[in-house]
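The model shown is predicted, which means the values in this text are computed figures rather than measured ones.
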Amino acid sequence: MILNFFKWSTLFLGFHFFIFNFLPFSKSIPQFVYNLHAVNLLFVFFSFLTITVLYLLSKKQNQYIGFVYLLFFTLKTIVCFWVFNDVLGSTHEHHKYEKYSILLLFFFFMILELNQTAKILNSVSYKTKVN
């Protein structure tokens with residue numbers, strides 16, 4: 001499960017770097033407020049932490065997996081808005097691509113977390129039906 005997370009996140013991050021380094025967007029990267037690698041690592045860290053905690057929780061207290069996911073998602077949203085507030089709240093034209101980049105990363109990792117959480121919940125519900 002965790003290997004699947006790293007496979008998809010590596011594939012997406014490679015695609016993300018390709019878009020911002022080799023397409024016409026590359027001229028806007030020097031104007032970015034935040035380092036693209038640091039932003040990617042922040043999202044990978046939060047998603048890996050969420051999936052790992054949910055996986056470990058599924059071994060002990062599987063009835064709280066959905067609530068813990070919602071807690072982690074809420075905390076991730078608050079932290080990301082707090083950290084990237086100057087770019088996300090900006091109306092300047094030169095922050096447009098950086099704003100899209102951050103939101104794209106946020107939504108991709110949200111989908112990846114939801115996919116992994118669904119797999120965890122399906123494996124837990126299958127185990128309870130068998131037993």
Side-chain angles (χ1 to χ4, degrees):
M1 186 162 315
I2 292 176
L3 291 175
N4 194 20
F5 166 75
F6 281 116
K7 177 183 78 170
W8 282 106
S9 62
T10 304
L11 182 67
F12 178 76
L13 293 178
F15 178 70
H16 187 247
F17 284 128
F18 174 76
I19 287 175
F20 279 95
N21 287 328
F22 297 111
L23 293 180
F25 304 121
S26 63
K27 63 182 177 236
S28 65
I29 287 181
Q31 299 173 353
F32 280 6
V33 176
Y34 298 104
N35 184 357
L36 200 55
H37 298 294
V39 173
N40 288 330
L41 285 176
L42 179 72
F43 280 106
V44 167
F45 172 74
F46 272 124
S47 295
F48 179 72
L49 180 69
T50 302
I51 292 169
T52 304
V53 168
L54 291 177
Y55 181 73
L56 294 174
L57 186 66
S58 71
K59 303 295 183 195
K60 302 282 183 188
Q61 299 287 333
N62 55 10
Q63 66 268 23
Y64 299 117
I65 292 173
F67 294 116
V68 172
Y69 172 74
L70 288 176
L71 174 72
F72 272 99
F73 180 72
T74 304
L75 289 174
K76 178 180 159 183
T77 305
I78 291 170
V79 167
C80 287
F81 183 74
W82 180 62
V83 169
F84 303 120
N85 188 24
D86 53 341
V87 172
L88 294 176
S90 174
T91 58
H92 295 334
E93 184 67 27
H94 65 277
H95 286 175
K96 181 174 72 171
Y97 291 122
E98 187 172 14
K99 186 186 303 187
Y100 292 150
S101 174
I102 291 171
L103 290 174
L104 180 74
L105 285 169
F106 182 82
F107 286 120
F108 170 75
F109 281 105
M110 179 188 69
I111 291 169
L112 192 60
E113 289 172 6
L114 279 173
N115 184 16
Q116 295 298 319
T117 304
K119 285 182 181 181
I120 291 170
L121 286 172
N122 284 337
S123 69
V124 167
S125 64
Y126 179 73
K127 287 179 189 175
T128 57
K129 287 181 184 177
V130 171
N131 294 334

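- Rounding to the nearest 0.5 Å gives a distance of 10.5 Å between CZ of Phe72 and OG1 of Thr117.
- In this structure Phe84 satisfies the ring pair (Phe, Tyr, Trp, His ring centres under 6.0 Å) test together with Tyr34, sequence neighbours excluded.
- Taken from OH in Tyr55 to CD1 in Ile65, the straight-line distance is 11.0 Å, to the nearest 0.5 Å.
- When hydrophobic clusters are built by joining Ile, Leu, Val, Met, Phe, Trp and Tyr residues whose side-chain heavy atoms come closer than 4.5 Å, directly or via intermediates, Phe67 is grouped together with Leu57.
- Using a 4.5 Å cut-off on side-chain heavy atoms (C-beta onward), Leu105 and Phe12 make contact.
- Each of Leu41 and Ile102 belongs to its own hydrophobic cluster when Ile, Leu, Val, Met, Phe, Trp and Tyr are linked at side-chain heavy-atom distances under 4.5 angstrom.
- Under the 4.5 Å side-chain heavy-atom criterion for grouping Ile, Leu, Val, Met, Phe, Trp and Tyr, Ile51 is connected to Tyr64 within one hydrophobic cluster.
- The distance from atom CG of Leu54 to atom CG of Asn62, rounded to the nearest 0.5 Å, is 12.0 Å.
- For the pair Leu56/Lys60, no side-chain contact is recorded, criterion being any heavy-atom separation below 4.5 Å from C-beta on.
- In this structure, the separation between CZ on Phe46 and OG1 on Thr77 is 10.0 Å, given to the nearest 0.5 Å.
- Phe43 places none of its side-chain heavy atoms less than 4.5 Å from the side chain of Leu13.
- If you take CG on Asn85 and SG on Cys80, they are separated by 12.0 Å, rounding to the nearest 0.5 Å.
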Please set out all donor-acceptor pairs under 3.5 angstrom arising from side-chain atoms of residues 106-113, sequence neighbours excluded.
| residue | atom | partner | partner atom | Å |
| --- | --- | --- | --- | --- |
| Glu113 | OE2 | Ser47 | OG | 2.7 |
| Glu113 | OE2 | Lys76 | NZ | 3.1 |

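- Rounded to the nearest 0.5 angstrom, Thr50 OG1 and Leu71 CG are separated by 9.0 Å.
- Tracing side-chain contacts under 4.5 Å through hydrophobic residues (I, L, V, M, F, W, Y), one never reaches Leu75 starting from Phe73; they form parts of separate clusters.
- Looking at Leu11 and Phe15, their side chains never come closer than 4.5 Å, going by heavy atoms from C-beta outward.
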